[in-house]
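Reminder, nothing fancy here: chain letters follow the sequence lines and each chain counts from 1. All heavy atoms count here, side chains included; hydrogens, waters and symmetry mates do not. The structure displayed is predicted, hence computed values, not measured ones.
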2 protein chains.
Amino acid sequence: MVKIKDIADSLGTSVSTVSKALNNAADISEETKQKIITRALEAGYTPKARKHASLAANRKVCIFIENMDYENRDQFGYDLILGFRQSAILNNWSVDVIPSNLNAKLQNDYDKFMISNQYSGAFMIGFLMHSDYSLQFQKTQVPTVLFDNYIAGNPKVGYVGTDCNEGIELAVRHLRGLGHTKIAFLNGAKNAMVSDEQTQAFKRAMKLLDLYVDTHLIESGYYVPDCAKYHVPKFLDHGATAIICASDLIASGAISEVTKRGLRVPEDISIIGYDDMPLCLNLKPSLTTIRQDRLSLGKSAMTLLSCLINNIPISKSILRAELIVRESTSKCNPA
Amino acid sequence: MVKIKDIADSLGTSVSTVSKALNNAADISEETKQKIITRALEAGYTPKARKHASLAANRKVCIFIENMDYENRDQFGYDLILGFRQSAILNNWSVDVIPSNLNAKLQNDYDKFMISNQYSGAFMIGFLMHSDYSLQFQKTQVPTVLFDNYIAGNPKVGYVGTDCNEGIELAVRHLRGLGHTKIAFLNGAKNAMVSDEQTQAFKRAMKLLDLYVDTHLIESGYYVPDCAKYHVPKFLDHGATAIICASDLIASGAISEVTKRGLRVPEDISIIGYDDMPLCLNLKPSLTTIRQDRLSLGKSAMTLLSCLINNIPISKSILRAELIVRESTSKCNPA
């Protein structure tokens, strides 16, 4: 059990200030509150939805998560959930996290589940949009926010994600500035909305920057390092001098594969990842990557959910991408 | 001066309830507050930012508006501003509306103006994005939300608008369902981001629905009824049986022009507008149109501005479009 004193000490503030923040007292600033609540959540303290006399008793939302790890700071889902919680608590919502094997629940009627459990809305993370889910989300009347998935035609469902057009254009522009023209793109799973969009974004960016789109240099694998070994050799055989990967994990596999073939990153081959996970700093060389700001994604998901709950039918809320330049990219130096 | 009693009477509630709502008392529900504040704003009552002990004195944002009327309910800007104000007041922001001839101010440095007037952020409505504005918004450090305009690369600037892909696809789908295949698109001003996107959206929707894109049936005019007379004759000469217009005003001109040529709407020619302005109901026949929910757009603009102020770099917040079917469209009946 985390103690309020520990939180206060770590922030160099008093126990009474922390206590006030967690109880939504009127005499401290929003900024201080935000800082304290953030730290409290990070430390594993789960405050109740903040007291607010004008509130009805039940303000509950939930997060469904599958196909994604989230229990440690270095996993993709962790900051998504943390950001969502931060925004929720500042707006007096309590949050339950419901892990995986939702399948059964959804088949059992999503709306019925939500209503009988008195949830006002949900945030869906990590879902592959197979047909059962699509059907449920097309017809749901419960405010629902999807991460990286879009449902046409239902004003109760919104989408949050990072602008992959912006991100991939930044990456291609960076490589082109370094003299690369033969740029490969190694995508994640096929047939997910987000990967289709990323492939389109890659082609668009290449054309925009007057680079030739060579279809031998575009492949789809899976979101695991191992997929690199099936595709990187082909890229190299076709003369690629740089590879953009759809995740940092894939990029870590690409570095291994390139190295295994006796080539050096970045001297011979430049590599760019996607996400900016903590692992980027541990790789040798450290990884240049397209950053998804997961804390902000989580916050924007709760903001969007709150709009949907208030009948403001936002369908898409798109976050800026950023290119973080580290050691894995350098001047083109064809063999 | 609007009296609190008038507001109370119009809602069938008590003076004390209205007074509590306007003073953000703790013992009435958010829903009631929202209803009362909305009515108060509509009635011209401009409450101060609601009292909140934890607030610093200055929480001020502003709306810059040009090229757009907003003083009466039947003008485009009215509900945009009303929605923005509603959302602002619920979050303790006060709002100043700064009309037109901003030109001088911007040349005089936008950031300097904002900071010296202690504004935390701004919502920009009706701007044509000429080069001076673009430059200012590319480099601004002040959180800024643009209606229908997007600035690449600056995380302090966000964009709100209606999803024209969704809206125009709904319109084309509706017409195709009525048997129309020769569908024309009469756009507004050229070289504005929103009109370029609308032309793309029209072509995309036609292709998606297996309809031939005839370039003789796509034209750009201006956002005034008169522009119809330059383009509608050509559309008719090229066999169009339906015309989608980029605004309800343009559509009103198209109805006049079609009628002037001895044809009937909708029996001979179907016409669809864009916006769903109050004038749609006054036209003969009443106008089928692609609805922009301006109240929600205003609310989502304030929500986005608040995210930007809190360093959540959302670049796009896109609202659902809706097709409102009225009398101006019917079964295709080619002459």
### Query
If you look at every heavy atom in S19(A) and I4(A), which pair is closest and at what distance?
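Minimum heavy-atom contact is N-CG2, 4.4 Å.
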#### Entry: Y274(A) side chain near Q198(A) side chain, heavy-atom distance below 4.5 Å
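Contact flag for Y274(A)/Q198(A) side chains = yes.
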### Query
Can the ring centroids of Y70(B) and Y78(B) be said to lie less than 6.0 angstrom from one another?
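No; Y78(B) has its ring centre 6.0 Å or more from that of Y70(B).
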### Message
Could you check, using the six-membered ring where one of them is a Trp, whether Y159(B) and F147(B) have ring centers closer than 6.0 angstrom?
### Response
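Centroid separation for Y159(B) and F147(B): 6.0 Å or greater.
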#### Entry: Most chain A-contacting option - heavy-atom pairs closer than 4.5 Å, from S300(B), S315(B), S296(B)
S315(B)
#### Entry: chain A contacts, top residue of E322(B), K299(B), K316(B) (heavy-atom pairs, under 4.5 Å)
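Highest number of heavy-atom pairs under 4.5 Å: K316(B).
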### Query
Is chain A contacted by the side chain of N165(B), its backbone, both, or neither, given a heavy-atom distance below 4.5 Å?
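Neither the backbone nor the side chain of N165(B) comes within 4.5 Å of chain A.
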### Query
Using non-hydrogen atoms only, which part of N311(A) is less than 4.5 Å away from chain B: side chain, backbone, both, or neither?
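Contact with chain B involves the backbone of N311(A) alone.
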### Message
Tell me whether D79(A) contacts the main-chain N or O of R73(A) through its side chain, where contact means a donor paired with an acceptor under 3.5 Å.
### Response
no
## Note on the structure
Greatest number of non-hydrogen atom pairs under 4.5 angstrom with chain B, of G158(A), A321(A), P155(A), falls to P155(A)
